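Data block below; observations after.
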Number of protein chains: 2
Amino acid sequence: MSYSIADAARYSGLSIDTLRYYERVQLIEPPARDSGGRRIYTDADLSWLEFLTKLRTTGMPIRRMHEYAVLRRQGMAGAGARKRILAEQRTAVVERIAELRSCLDALDYKIDNCERLERRMAASAAEDDTAEDDTREAETKEEVSA
Amino acid sequence: MSYSIADAARYSGLSIDTLRYYERVQLIEPPARDSGGRRIYTDADLSWLEFLTKLRTTGMPIRRMHEYAVLRRQGMAGAGARKRILAEQRTAVVERIAELRSCLDALDYKIDNCERLERRMAASAAEDDTAEDDTREAETKEEVSA
DNA sequence: AATTGACCTGGAGTGCACTCCAGGTCGTAC
DNA sequence: GTACGACCTGGAGTGCACTCCAGGTCAATT
């Protein structure tokens, strides 16, 4: 099958401008053109784009994707170098996931803290009808910035 | 304890310039100054910075961190809104982790592919002494772009 | 008294990854 | 035959998060 640039954009989730930009920076090879000079993308182009978006998702900079693209064009000869790039990226992703997980813990802790504050505020609002408790309010102030 | 801006940079992992930048965009409140007008950071400042760097790691944009910082200054009154921001970010992080994991699978698949190509190349190099196998070479070409 | 090094300010510059624009061409639909 | 919509080009502009710079202050050292 063949696809217009609009189709390719739909399938890849990239914008038309981004597709042309990727071509300019040589992440993708110039696709074929129809009689009117319009780009025609193939299924192979689309799966390459799909992989590129995955690399992008992993946080790989365009410069490195470009390196990879060049090696890909060299076929088997570039396989070793390609593997190295991918393996390195894999390590980075594993690290990133670990980092995010630890941030998740921090978030959970803080979310919990906010919940406690909310409950305490609700409680002290109900209490306002009866009496004031300065000690508890002082305590709370400490926790707010924790 | 109190810390110079250089100390704060060391502890937070941010650069001195970034610390001043965060102050300008109001992620942190202007710290106290010594007699010579130099910034003095407190332990509380450092733990806030530590949390900020975690939010940054999760991919939270500075605009949103600023929102959060404003709510923090409001103490208990902002707790509910703060919780909402954190919970939203938590969801984003969970999604991000899932995304990264799926990319990890794609990477593994491709790494495997490169390995196969490498081995095949080594094999065909050894084979060069004896005979050529056109069929296998054609097959390989297909796989190179897969 | 001069030098040094850490810090200060306001503002300009950088790198990245797009994103937008003006002005033009093409092929179909009316 | 003209109006339309999708596409084309080269190049400028954007938003983000820093990062760097010039020119200056201050406290301690030589």
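Convention: sequence-line order gives letters A, B, ...; per-chain numbering from 1. Everything numeric here is computed off the predicted structure, so don't read it as measured data.
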Could you check A/S4 against A/D7 for side chain to side chain donor-acceptor pair (under 3.5 Å), going step by step and ending with a plain yes or no?
CA-CA 5 Å; A/S4 71; A/D7 293 335; 3.3 Å; yes

Grab the CG-P distance between B/L19 and C/dC7 for me, whole Å please.
11 Å

Looking at D/dC8, I'd like to know if its phosphate oxygens (OP1 or OP2) sit under 4.0 Å from a side-chain N or O belonging to A/R20.
yes

Shortest side-chain distance from A/R38, nucleotide among D/dG5, C/dC7, D/dC16
D/dG5

Picking from D/dC8, C/dC8, D/dT19, the nucleotide nearest the side-chain atoms of B/R33 would be C/dC8

Intermediate values then yes/no, side chain to side chain contact (heavy atoms under 4.5 Å, CB included), A/Y3 and A/D45:
CA-CA 10 Å; A/Y3 309 85; A/D45 290 333; over 6 Å; no

For B/L52 and D/dC18, give me the distance from atom CG to atom P, rounded to whole Å.
11 Å

Rounded to the nearest angstrom, tell me the gap between atom CD1 in B/I16 and atom C1' in C/dC7.
8 Å

Rounding to a whole Å, what distance do you find between A/Y3:OH and D/dC7:P?
15 Å

Separation of C/dC18 atom P from A/E23 atom CD, nearest Å, is 15 Å

Between B/G36 and B/P61, name the one whose nearest nucleotide on DNA chain D is closer to the 5' end.
B/P61

Per B/D17 side chain, nearest of listed nucleotides D/dC7, D/dC20, D/dC18
D/dC20

About how many Å separate CZ of A/R72 and CD1 of A/I85, when rounded to the nearest 0.5 Å?
13.0 Å

Hey, is the side chain of B/R39 pairing donor to acceptor with the base of C/dC8 inside 3.5 Å?
no

Indicate the ring-plane relationship of A/Y68 and A/W48, choosing parallel, tilted or perpendicular according to the 30° and 60° boundaries.
parallel

Can you identify which nucleotide, out of D/dC7, C/dC16, D/dT19, has its nearest atom closest to the B/S15 side chain?
D/dT19

First of B/R56 and A/I40 reached from the 5' end of DNA chain D, by closest nucleotide:
A/I40

Going through the checks in order, is the salt bridge (charged side-chain N to carboxylate O under 4.0 Å, His left out) test met by A/R101 and A/D105?
CA-CA 7 Å; A/R101 252 208 260 286; A/D105 291 341; over 6 Å; no

Against the side chain of B/T18, the closest entry in D/dT19, C/dC8, D/dC7 is D/dT19

Gap separating the CD atom of B/Q89 from the NZ atom of A/K110, nearest 0.5 angstrom:
14.5 Å

Looking at the side chain of B/R24, which of C/dA17, C/dA12, D/dC8 is the nearest nucleotide?
C/dA12

Among D/dA27, D/dG11, C/dG27, which is the nearest nucleotide to the side chain of A/S35?
C/dG27

Can you identify which nucleotide, out of D/dC7, C/dC8, D/dC8, has its nearest atom closest to the B/I5 side chain?
C/dC8

Whole-Å distance, A/Q26 CD to C/dA17 P, equals 16 Å

Of the listed nucleotides (D/dA17, D/dC26, C/dA17), which one gets closest to any side-chain atom of B/Y21?
D/dA17

Separation of atom CE in B/M65 from atom P in D/dC16, rounded to whole Å:
12 Å

From CD1 of B/I62 over to P of D/dT19, roughly how many Å is that when rounded to an integer?
10 Å

